[in-house]
Participant: 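Dumping the structure here so I can ask a few things about it.
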Amino acid sequence: MQELEPDDPSTVGPYRLVARLGAGGMGLVYLARSAGGRTVAVKVVRAELAGDPDFRARFRREVAAAQSVDGAYTAPVVDADRDSAAPWLATAYVLGPTLAEAVAGYGPMPEGTVRALGAVLAEALQAIHAAGLVHRDLKPSNVLLTADGPRVIDFGIARALDGSGMTSTGVVVGSPGFMSPEQAAGRRVGPAGDVFALGSVLGFAASGRGPFSEAASAAELLYRVIHEEPDLSGVPEPLRETVAACLAKDPAARPTPAQVLDLLAPDGAAGLLRGAWLPAEVSAEIARHAARVMELETPAPRSASAGSAGTAESAASAGSAGTATAADPADAAGGAATVAIGPGAPGTVGGTGTGTGAGAAAATTPPQPASPSRRTLLLGGLSALGVAAVGGTVYALTRNDAGTPGPAASPSAGPSHTAAPSVPARPAGVAPTPLWTYQASRQFGSRPLFVGGRLLVADTNLTALDPHSGKAAWTGPAIGPGVVQRPMFLGGGLLVMIDDNQDLAAVDPATGAQRWSLPTPPQFGFTALLGANDRGVFVGGTQYPLDASGHPVIGGSTDQSVVVGLDTQSRKVRWVQQRRSTLGYDVMGFSTPKYVIYTNDTNNVVVRDQATGTQVWSQDYGDPKWTTSELPLLGGDTLFLPGPRLLGFGLDKGDQRLRLQAPTNRFFESLAYADGVVYTTLGDDTALAIDARSGTKLWSTPVVADGLPTAMLVVGETVFCPVLADSGNDANALTALDRATGKPLWTFQDGGSDEWWLETDGTVLYAAHGERVYALPAR
């Protein structure tokens, strides 16, 4: 990143420019902020492109299409001016290392990370293709890594450049090491070309080099892409077949993104992102970078005499010196460059450039000043704590921890950049002072949710807190008190909840606006929301018989405990299934793209097909002494359940994978999972870390567990465990344990005796306790 130059504008549209990010295919790219605090990357079109009517027409179409992309794992186009003298577009800015930088700094990624990466990228490509776009330049430097999943950037722009004066003379937009054969040969590129690039990116992530990258020149590299088989020797065997299928020379032989997603993550990408999906050193780098995001201030407006600043047109002119179409300056991985294909091009290796042979190729990149990598970019006006509160990731459109897409926020809805207090150094063992505290109107009975750059809490009304300050950003519908404050789930980009009228309501997580409401059908009493996705909402409750007038007869012997699937499009009941239960409300669960998973108070876990409600499998996990319904914990493709035995069942078939018997009259409680390790408490005196495959104890630590059904939580290198702080008055507390050793780091308490509800953005711990929410540093 570079400082603004004298002839750079101060503003582009409604955005105040902060710094230069680099030069892209369209022109200059700036780091900028809106008046409401949203941080974006603004790309200003170069003068010669702005003057090309054909380019303008393509630019309008592609920006409109890109704005319609609603994928969970993309950095979307959030604003644009397609008709000004110097057109521009603003994309959500993601603060995190590129995949290229992560591999360069820390080596090949482990199999689990690559699998998650592939599933997420496949899902992102689905969203991009559904909008009528083809990325055309998917490569490691266009994939950014954050604590809650990768993000794809620069989609939908290469196609606007294709066919312009730049490409009509033989310049093909793309990066040689990651182009498809058809793109390298100058033929038409469709969605299958992105799948080939996906295979190349996964090969790079797994082995540290592209499948065709050992070449002396871009021309030789393109020849290998077209004619030779990929080298997948560094790709782990379980992934090799999928990567090889993506790299088929024939576009028709490649799997679709949906098929890739099914091969890598049959239950969806979100499940692979639970816990720490990145290697610890990469996560630590994101956190360290977040701590540095405090040094760059937004420049004050310059006077009109300061060069030609103040007009967007000057930015477009300033970019005209470069001729490359690379979308990102950080292209060191795999020969990233724009290549020229055609007669007389430098580095000719044969062919006429008509798209039928190898073609001629030469790398052409613009002269660029040396600049820090994306990993070392700094955003101004944010304290280190403020950025840490969004997991080292700053973006205008964000997603929840389950990977469900959320709609774009308006510029005024961006996070506030009020500086948070700095974290003072403290002696070892001393609990940190909360970064902020939120005082609610009533006791919390469900965990907060971090989504869309906001922390959503179930106060008297659904409330979104600014993670930097803890202040309410918006207040939504009232939440029914019920027996407990019910959990909220994201589905189809909306937050689904049971409202004050006991009806289902869908809320826009960006603004709090209610999008739809579904009155409870008269024959049902809905008491537990089990999950939601873009196709359905799943609830537990009671089904009552109806009298001759269609009114429910409540309290009769024919009442049935049921699970109900409702269609989110038609808002109608899709299926009803009876469940084993003695109490209508005592059911806990969640959904995946395939399944609805829940437990009953009869010590039974059930997995149902979410499309039909048909039971896939069921297993008992408790005994008559254990009568509390526990929320199952999904770790990878295994369901873990606490109780007198710590049990693990395969998600698809219910096959038993883990069984540990607790000593007599003791129970496993408070589960957490990360990177193949289950963390749990045993009885009221021990915290354990257990290898999820072998059942081997990795460490144990004496604690005084609080006896409440609170889940533990892993944040970075720390495990948070609820404990009993004072046996005299039942006050409980929160202890931070070193994840590697189990060593206690510190204990935080406020004198309350209520259950702890824990959430994280990947860096900061958000703990709801009693009527308060605390933001605590994770270490």
Side-chain angles (χ1 to χ4, degrees), residues 21-22 24 41 69 71-76 91-110 112-129 133-158 174-175 177-179 193-211 213 239 243 246 257 260-261 264-265 269 272-273 277-279 282-283 285-286 289 326-336 373-375 377 392-393 395 398-399 403:
L21 292 178
V69 173
Y73 305 112
T74 59
T91 60
Y93 183 73
V94 180
L95 178 61
T98 68
L99 175 61
E101 291 172 325
V103 170
Y106 303 102
M109 299 290 108
T113 297
V114 177
R115 183 177 294 276
L117 178 69
V120 165
L121 295 184
E123 192 167 306
L125 289 179
Q126 281 185 290
I128 292 168
H129 295 167
L133 294 171
V134 179
H135 193 295
R136 300 169 64 91
D137 198 22
L138 184 65
K139 57 187 176 181
S141 59
N142 276 342
V143 177
L144 300 177
L145 306 180
T146 76
D148 59 346
R151 298 292 187 274
V152 176
I153 63 172
D154 284 347
F155 55 88
I157 304 307
S175 304
F178 302 93
M179 281 186 184
D194 286 345
V195 174
F196 188 95
L198 172 59
S200 295
V201 168
L202 296 184
F204 171 83
S207 65
R209 52 181 172 77
S213 64
L239 301 175
V243 174
C246 294
V260 174
L261 177 59
L264 295 174
L272 300 182
L273 298 178
W277 76 279
L278 286 168
V282 178
S283 298
E285 172 60 28
I286 294 174
H289 181 66
D328 194 300
D331 282 337
S373 67
R374 185 184 297 272
R375 189 169 58 200
L377 294 177
T393 305
Y395 42 92
T398 54
R399 312 294 186 209

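Atom set for the values below is all heavy atoms of this structure, side chains included, hydrogens, waters and symmetry mates excluded.
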Participant: Output the distance between atom CG (L278) and atom OG1 (T146), rounded to the nearest 0.5 Å.
Facilitator: 7.5 Å

Participant: Is the shortest side-chain heavy-atom distance between L239 and L202 below 4.5 Å?
Facilitator: no

Participant: Would you say P140 and V103 make side-chain contact, with heavy atoms under 4.5 Å?
Facilitator: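 Counting from C-beta outward, P140 and V103 never come under 4.5 Å.
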
Participant: Going from NZ on K139 to CD1 on I153, what distance comes out if it is rounded to the nearest 0.5 angstrom?
Facilitator: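 So the NZ of K139 and the CD1 of I153 are separated by 8.5 Å.
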
Participant: How close do P108 and A206 get, counting heavy atoms only, and between which atoms?
Facilitator: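 Between these two residues, the closest heavy atoms are CB-O, 3.2 Å.
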
Participant: Which heavy-atom pair separates V152 from A124 by the least distance, and what is that distance?
Facilitator: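 In terms of heavy atoms, the two residues are closest at CG2-CB, 3.8 Å.
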
Participant: I need the L144 CG to E101 CD distance, nearest 0.5 Å.
Facilitator: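 Those atoms lie 8.5 Å apart.
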
Participant: Can you name the closest pair of heavy atoms from G199 and C246 and give their distance?
Facilitator: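 Closest pair (atom of G199, atom of C246, distance): CA-CB, 3.7 Å.
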
Participant: Flag the pair L264 / V114 as yes when at least one side-chain heavy-atom distance between them is below 4.5 Å, and no otherwise.
Facilitator: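 No. Closest side-chain heavy atoms not under 4.5 Å.
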
Participant: So which heavy atom on M109 is nearest to which on A102, and how close?
Facilitator: CE-O, 4.0 Å

Participant: Less than 4.5 Å apart, any side-chain heavy atom of S141 and any of F178?
Facilitator: no

Participant: Measuring from M179:CE to D137:CG, what's the distance to the nearest 0.5 Å?
Facilitator: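 Taking CE in M179 and CG in D137, the distance rounds to 7.5 Å.
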
Participant: Taking all non-hydrogen atoms of both residues, which atom of L273 and which atom of P150 are closest, and how far apart?
Facilitator: CD2-CD, 4.5 Å

Participant: Given side chains that start at C-beta, do those of L138 and V143 come closer than 4.5 Å, heavy atoms only?
Facilitator: yes

Participant: Quick one: are L145 and W277 in side-chain contact, heavy atoms under 4.5 Å?
Facilitator: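 When only atoms from C-beta onward are counted, W277 and L145 do touch, with a gap below 4.5 Å.
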
Participant: I need the L117 CG to R115 CZ distance, nearest 0.5 Å.
Facilitator: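 That separation rounds to 12.0 Å.
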
Participant: To the nearest 0.5 Å, what is the distance between CZ on R151 and OG1 on T91?
Facilitator: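 Going from CZ on R151 over to OG1 on T91, the span is 13.5 Å.
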
Participant: My understanding is that only one of R136, H129, H135 makes a side chain to side chain donor-acceptor pair (under 3.5 Å) with D194; could you say which?
Facilitator: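 Of R136, H129, H135, side chain to side chain donor-acceptor pair (under 3.5 Å) with D194 is met by H129 alone.
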
